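The block underneath contains the structure these notes are about, expressed in structure tokens.
On a predicted model such as this, the values are computed, not experimentally measured, just so you know.
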Amino acid sequence: MKMPGLFKVTLLLLPFILSCGRASVEILVEAESFQEKGGWVVDPQFVEQMGSPYLLAHGMGFPVKNAMTRVKLPEGGEYHVWVRTKNWADGNWEAPGKFRVVIDGMELGTDLGTGSGKWAWQYAGTAVAAGTDIIVELKDLTGFEGRCDAVYLSRGKNAPPDAPEMLSDWRRRVTGESLLPEKTASFDLVVVGGGIAGCAASIAAAEQGLKVALVHDRPVLGGNASSEIRVHTEGITWKSDRIISMLNTVWWPNGSPDAVSDDKKRHDNISRYHNISVFLNWRAFNTNTVNDSIISVDARHTSSGERMRFAAPLFIDCTGDGWIGYWAGAEYMYGREDSLQYNENWELHKELWSPAKPDGRVMGSSVLWRTKDTGNPVGFQEVPWALETAKDHSATMGTWMWEFSRDDLHQIDDAEYIRDHMLKAIYGSFYNAKQQPGNENLALEWVSYLVGKRESRRLKGDYVYTFNDERNMVEFNDAVVMEKRNIDVHYQQVEADPSRPDFLSEALYYQVDHYYIPFRSLYSKNIKNLLMAGRCFSSSHVGLGGPRVMNTTGQMGVATGYAASLCKKYNTLPRGIYENHIGELKNLIYSTDSIR
């Protein structure tokens, strides 16, 4: 596993003539590159929407420790200071995410995070540097999700651009970033996404001798099962129990701290494979394609900003959101198909199950949380900015039903709004509970700041898996995954009862004995060397309802990892495995538990 040892602050001196004739310099300090994060956390979930990872003051209502970094200036003197931030709960109340900038111990007097509800540069004031070496700090004032993308110092009072397309160009100009990543590494297989599916794919391929890169944008593996999101794994392991048991969880309530021990198990087992190179905190941002084939994936370290190119003849998209396929131009689906497209209607639940007309509705995202009994009375501050969302709902923990989706929101494009809406629901509902007798000793123990998604893009394969395949228990000749759990499709409670909160869901269950998933649903229809495992596999909206859970997606990972090994063995592509070697692939899967 490769981890950069140097955190870099970007400095570029750009002389130009101001109206007064004085030369100026521009200095951009990316917040995620701060040498000491203090209590702030790096949040890279929304890079594609807002342009960069950022630092988040996730203190559950208690101000977090300052983040700090050292910056070398070209000269001393007065500097104008700008900070890219947002007021994440804009409204007629005091902004909840306030923070300040401190330079060489001097706290600038402007409360930041108090502007508009969009990411923008906010002027922090001026600071006088006595020398050329300064310390820049971020001081959280609230503990309620203050966020900072970057700090910009300039001798002239000229704000950087806010428009996304202009900002990205400006950033490249200021940083002097070249078009090519700093380094390239080659592998037999690149797996992007380190959830259960991605880890299972990596192990299966590595056991067959492939040199594998596992690229993951978080500090721990496991995806939704990790200690950062804490969803226990469900489904069966079928023929892949040995591999999946290295990765999945024991049963614990969603949100349980027991997830930490499963993190350790997962990492220890992956580290046993010398031919799996794990790249934690690396977020893919681009694919390079030639003749409908991916030749490489580019990724950036979420703190240092270092870039790396991962080259390989085969790729597996385990990102959940289908990013690798999306960037490569793979055909994909999003939303609910009309009930006639695949004949998926269920008369009992009608529109809640499958609509008469297609729409953009999908199953929602969850943010889990839990409380603890401190043994003594403890307060919780007023949160007027959260009560608009929570209203009079009260709760002391968040289960799977804490889920948010809305027709006008996209689970990828609007993911930050969705996460923030859930945070408001959590803080507001807990505040309401604290006003009730019997909850005096309760305090927030843990609140995730990551969205646990159920559904977004689904990459189209040679076969689109549907509800009919599940209820008819179709036995495909290329079946590589089997599941027994009921098909469950979620909807927001407010859709059936307008008096219910919009952040709670309900599930519709269709009982079935078992069902199979074909290999043709695990590789791209139009990107020749792309396989996919996880919730981005080729399925309809309702078809995803059963096999979207993690033991099942782990089976998909094992199947695609073995398929990649056969692609190398026979110098062929995934479709070639289906056409000519599907028997051998199934034999590998059926003998997984005897392979060492």
Side-chain angles (χ1 to χ4, degrees), residues 9-10 24-34 37-43 46-47 49-59 63-64 66-69 71 73 78-104 106-129 134-171 173-175 385 416-417 419-420 423-424:
V9 174
T10 302
S24 182
V25 295
E26 293 179 297
I27 300 169
L28 179 65
V29 186
E30 298 285 359
E32 68 272 15
S33 72
F34 271 41
K37 306 297 190 295
W40 298 67
V41 294
V42 177
D43 191 343
F46 317 114
V47 170
Q49 293 75 45
M50 54 76 61
S52 172
Y54 59 81
L55 286 186
L56 182 73
H58 184 60
V64 304
N66 288 10
M68 182 275 290
T69 197
V71 178
L73 303 174
E78 183 181 70
Y79 284 83
H80 295 276
V81 182
W82 301 82
V83 173
R84 189 167 187 248
T85 182
K86 72 181 291 185
N87 181 355
W88 71 276
D90 192 13
N92 296 320
W93 41 69
E94 191 172 355
K98 295 188 299 183
F99 65 99
R100 289 184 174 182
V101 171
V102 180
I103 295 182
D104 272 351
M106 178 180 295
E107 185 174 316
L108 304 190
T110 301
D111 288 343
L112 303 167
T114 58
S116 74
K118 296 182 178 180
W119 282 97
W121 292 97
Q122 186 174 355
Y123 187 61
T126 60
V128 177
I134 64 170
I135 294 177
V136 177
E137 297 177 76
L138 301 178
K139 180 181 179 180
D140 176 34
L141 300 178
T142 68
F144 280 126
E145 322 306 329
R147 53 202 70 181
C148 176
D149 172 24
V151 179
Y152 170 67
L153 299 93
S154 174
R155 294 283 272 159
K157 191 178 180 181
N158 297 293
D162 283 325
E165 62 280 0
M166 296 178 63
L167 178 62
S168 59
D169 291 341
W170 176 86
R171 244 183 173 125
R173 178 178 64 83
V174 171
T175 62
W385 43 268
E416 187 177 23
Y417 176 90
R419 190 275 307 272
D420 290 347
L423 290 175
K424 294 174 188 176

Please report the shortest heavy-atom distance between [X] and [Y], naming the atom on each side.
X: Ala127; Y: Ile103; value: CB-CD1, 3.7 Å
X: Glu32; Y: Ser52; value: OE2-OG, 3.3 Å
X: Leu28; Y: Glu30; value: CD2-OE2, 3.6 Å
X: Ala67; Y: Leu55; value: CB-CD1, 4.0 Å
X: His58; Y: Val64; value: C-CG1, 4.1 Å
X: Trp88; Y: Pro96; value: NE1-CG, 3.7 Å

Test item: Glu26 side-chain N/O and Tyr152 main-chain N/O as donor-acceptor pair under 3.5 Å: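 No, because the side chain of Glu26 does not come within donor-acceptor range (under 3.5 Å) of the backbone of Tyr152.
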
Check: Ser116 main-chain N/O paired with Asn87 side-chain donor or acceptor under 3.5 Å: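 Here the side-chain-to-backbone pair does not exist.
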
Salt bridge (charged side-chain N to carboxylate O under 4.0 Å, His left out) involving Asp169 - partner list, sequence neighbours excluded: Arg172

With sequence neighbours excluded, what pairs up with [X] under the side chain to side chain contact (heavy atoms under 4.5 Å, CB included) test?
X: Met106; result: none
X: Pro63; result: Asp140
X: Ala124; result: Val81, Val83, Leu108, Leu112
X: Val128; result: Glu78

Could you state the interatomic distance from [atom1] ([X]) to [atom2] ([Y]), rounded to the nearest 0.5 Å?
X: Leu56; Y: Lys37; atom1: CG; atom2: NZ; result: 13.5 Å
X: Cys148; Y: Lys86; atom1: SG; atom2: NZ; result: 14.0 Å
X: Arg155; Y: Tyr79; atom1: CZ; atom2: OH; result: 5.5 Å
X: Thr126; Y: Leu153; atom1: OG1; atom2: CG; result: 11.0 Å
X: Arg84; Y: Leu167; atom1: CZ; atom2: CG; result: 5.0 Å
X: Phe99; Y: Glu145; atom1: CZ; atom2: CD; result: 13.0 Å

Residue pairs passing the salt bridge (charged side-chain N to carboxylate O under 4.0 Å, His left out) test where at least one lies in residues 107-116, sequence neighbours excluded: Lys98-Asp111, Arg100-Glu107, Arg100-Asp111, Glu107-Lys139

With [X], which residues qualify under side-chain hydrogen bond (donor to acceptor under 3.5 Å, both in side chains), at least two apart?
X: Asp162; result: none
X: Tyr417; result: none
X: Trp119; result: Glu416
X: Arg419; result: Asp43, Tyr54

Test ring pair (Phe, Tyr, Trp, His ring centres under 6.0 Å) applied to Phe144 - qualifying residues, sequence neighbours left out: Trp385, Tyr427

Verdict with supporting geometry, Trp40 and Met68, side-chain contact (heavy atoms from CB on, under 4.5 Å): CA-CA 10 Å; Trp40 298 67; Met68 182 275 290; over 6 Å; no

Identified side chain to side chain contact (heavy atoms under 4.5 Å, CB included) counterpart of Phe34 within the set Val42, Asn66, Leu138: Leu138

